[in-house]
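To start, the structure itself, in C-alpha cells.
Just follow the structure's listing: the first ligand is 1, and inside any ligand the first atom is 1.
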Amino acid sequence: MNKPTVIAGIIALFSLTLNAQSKAHLDKKKPIEERILLLMKEMTLEEKIGQMNQYNGFWDVTGPAPQGGSSQLKYEHLRKGWVGSMLSVRGVKQVRAVQKIAVEETRLGIPLIIGFDVIHGYKTLSPIPLAEAASWDLEAIRKSAAIAADEASASGINWTFAPCVDISQDARWGRVMEGAGEDPYLGSKIAVARVKGFQGENLGANNTIAACAKHFAAYGFAESGRDYNTVDISNSKLYNTVLPPFKAASDAGARTMMNSFNLLNGVPATGNSFLQREILKGKWQFKGFVVSDWASIREMINHGFAKDGAEASLKAVTAGSDMDMESYLYVAELAKLVNEKKVDVALIDNAVHRILRVKFELGLFDDPYRYCDEKREKAVIGSKQNHEGVLDMAKKSIVLLKNENNLLPLKKNGQKIALIGALAADKNSPLGSWRIASDDNTAVSVLEGMQQYKGNQLVYEKGTGLTIGKTTFKDELVFNTTDTSGFEAAKNVAKNADVVIMVLGEHGFQSGEGRSRTNLDLPGNQQQLLEEIYKVNKNIVLVLNNGRPLALPWAEQNIPAIVEAWHLGSQTGNAVAQVLYGDYNPSGKLPMSFPRSVGQVPVYYNNYSTGRPVNTDTNVFWSHYTDSEKTPLYPFGYGLSYTTFKYANLKLNKTSFAKGEAVKVSVEVTNTGNYDGKEVVQLYIRDVTGSLARPVKELKGFELTELKKEQSKTINFTLTEAELGYYDNNGTFIIEPGQFKIFAGTNSNEVLEAEFELKQ
Ligand code: NOJ
C-alpha cells in the first residue's frame, strides 16, 4: 500500500469510529435526556459554544457561498458547527439549504433550530396581537396561533419569537400592538392560549413550533414610552404586573424565553441573574432556554454595564442568557473565558443541554428535514381554511366603541354610502406591523369588503393620505401629509350620502418596534378631514385603524358611531364589512384603557387609590387634572354590542370565608336588546385593606357567553387563593385576611358590587 492510501485508510477508520460514537444520540428509543448527554460527550468546547450562537439569515443559500464580509464569516462558522440556530431564514428551499450544511458538512451534524418572528400569522395574517386580545376569546386566540404555527412550520420554521407577553400601560410605546394590553390576568390567560396554539399537544408534530415568551422582563415599561428606554418600576409592579404572564407561559410549557433590551434597576435584563437565574430558572424551574434579544449582549457595553465584548459575554452567560442572537460575542469570547477559568464550563453545559433538549423535542435529530416538505408548504400556506380562520379571528377582535341611535348596523339596501379615508382602500396597512413573511398589498381592504354588499350605492374618496416612503429595511416609513387638496371631493360625496364611513387612524407601520409616538391623535390631517366632513354630514361611522390606544375626545363627543378595527390582517375588509352590515355582532372589549389625551398616560384601570381620590368640598387639593377629567375616555374591558345586556343579582354563596375556602360568585346577565349577541362578563376584586395597598380593581375572572334575544344566564365564578392573593415586595405570594369587594359587569367601570370577609 502506498503512503497516501494508508493515510486515507487511517482517516476513514478514525471517522468511522467517531461516527459510531456520535450516532448513539440518534437512537430514538433512548430517552431524550440520555440522548442529550450522549451527544454532549462528543462535543468539543467550541462545538458546545456553537450551539449557543445564533445568526440571522445571511445570503441566498441556494446561490453561491458568500465571498466576503460578515456573511462569509457566518458561513465558515456554520460549516465548523459553530452555529446552533439561524433566524429569519424562511421557505423550505432556503431552510433545507442551511440545514444541509449543519447536518451534512459539520463534524457532528447537529441540526439548526430555525427561528422566526411569527407574531400574528405567517403569510396569512391574523389581527395584530393587541387586537386579538380584544376578543377575550381564548379558544379563538389559541386557534389563531395554531394557524400561524401550521404555516410557519410548513415553511421550514420550527421556532417562533412569540408570544410577546409584555404588559404595558403606555400607549406611546409602539410595541403595545404586539402584546395583550395592560392587564396581567388577561395577559396570562392569553399567554397560555398562544403558547398552546404554537406548540400544540405534541411539539414533535411537524405542524407545531416552539414558542418564545418575550421580552423577559419589564420591556413594556420603557420610560416615557420610548422604545428601548430604561425601566424603573417598583417591586410590586414587577411581581404583580410584569412577571405573571411569563410565569403562566413557563408553566404552560413554553420552550424558550427571550430577554429584553432594557435596564431593570440598573442591570440590563440580558445580564440580569436575578431575573434569569433566580426567578426564571430557579423559582419557576423553567426547563427551556433563554435567547438574548438582537445584539442585546453587545448592547450591555452601551448601557455602561460591560467594558468590552468579553465582559459582556461573561456577564450574559453568568446571568443565564443561553443563546446569543446576533451579538457575535459568545462565539468569539466564551472559549477564551472558559480557558482562563473566568467562566465555569458547567454554565456552558447547562445552556447547551437546554438548547439541545428543545431540538430533540422538536424531532430535529430524528429528521432534520421534517419541516422541509415542499408539498406541505404549497398546500398549507395561504389555504382557504387558514383565511377562514383569520377572518373569524378578525371579526372577534373588533370593538364597538359608540353607536348612537343605532346607526349601525347599516341597512343593506337602498342607501347611498360614502367611504372616505386613504386607509379604506389600503391593502398594505391593515396587515399591521411585524409581518415579515407576508406579501405586500395582500389584505382585503375595507373598500373591497364593502363592495361585497351590492344592495347599496358605494362611493369612495380618499380625502387625505398618508405618504409612504420606502426604507432599505423593506419596511415603510410613514410621513404624515398636510395636503388638503382631496378634502373638497370627499365633502362632495359625503354631502349626498345617507351614511359616511370614514376609515382613519394609523398606518400599519406606525406602531411596532421602534415606533414610539408622543401624540395619540389621528396622524397627519385626518382629524381636520373628519371635522370638515362632519360639517356637511353628521351621520358618520368612524372606523379606526391603529396599533395602540388613541386619544380621540372630539370624535367621542361628536361622531355617532365608532368602530375599533385595529390592524386586522389579511381579511380586514371582509371582517369590517360583515360587522358594519350586522352579519356579525361585535363583542370585543378593550384590553387597554383609551386615554382622553396623551398627558394622562399611563392611564390604566388597576391603579391605586390616592389619599385624595375624590373631591368632597370643591377645593383644588385632590388627585385630579385642572384641564381634563382623570378617567380614561374608554375604560379597560369596554365594548358595546348591537344588542344590550343587563346585569343583576350579583351573589356570593356566603359573606364570610375561611382561608383556603373557595368563594363562589354568580351574576345574572340578560340580553335585553334586539339581536342575539355575545358578552364578556367580567369579574373584578378589590382587597380593601392589606399590609400593602392593593389596586382599586383587579380582573380575576371573565367569561365570554352567547345570549339569544331576551335570554338570561347565570354566570358562575370561583375565586381561590390564586385569585385573592398577591405578591409582596419580596416576591412571596401571600393571602391576607380582611374585607374584599367583588365587582361584576360589562367593563371595568360599569359594575355591580358585593362584599365578603376572608377570615384568618
Ligand atoms: C428584536 C425584537 O425586540 C425581538 O422581539 C425580535 O424577536 C428580534 N428582534 C428578532 O427579530
Pair Trp136 + Phe636: ring centers closer than 6.0 Å: yes
Nearest-contact summary for atom 8 (C) of ligand 1 - protein heavy atom, Å: Asp293 OD1, 3.4 Å
Axial cation check for Phe305 ring with Lys315, 6.0 Å and 45° limits: yes
Sub-4.0 Å atoms of ligand 1 with respect to non-hydrogen atoms of Leu87: 10 (C)
Part of Glu178 within contact of ligand 1 (heavy atoms, under 4.0 Å): neither
cation_pi(Lys214, Trp159) dist<6.0 Å, angle<=45: no
Tyr55-Asn53 side chain donor-acceptor pair, cut-off 3.5 Å: yes
For atom 6 (C) of ligand 1, the protein heavy atom that lies nearest, with its residue and separation: Asp117 OD1, 3.3 Å
Side-chain donor or acceptor of Thr208 paired with backbone N/O of Leu203 under 3.5 Å: yes
Heavy-atom gap His215 to ligand 1 smaller than 4.0 Å: yes
Distance-only donor-acceptor check, side chains Glu182 and Ser593, under 3.5 Å: yes
Ligand-side contact atoms (ligand 1) for residue partner Phe161, heavy atom cut-off under 4.0 Å: 7 (O)
Test applied, salt bridge (charged side-chain N to carboxylate O under 4.0 Å, His left out); reference residue, Asp440; option that passes from Arg435, Lys427, Lys123: Arg435
Interfacing atoms of ligand 1 (cut-off 4.0 Å, heavy-atom, Lys214): 4 (C), 5 (O), 6 (C), 7 (O)
Atoms of ligand 1, numbered as shown, that sit under 4.0 Å from any heavy atom of Met258: 4 (C), 7 (O)
Polar proximity ligand 1 side, Tyr219 side, N/O cut 3.5 Å exclusive: no
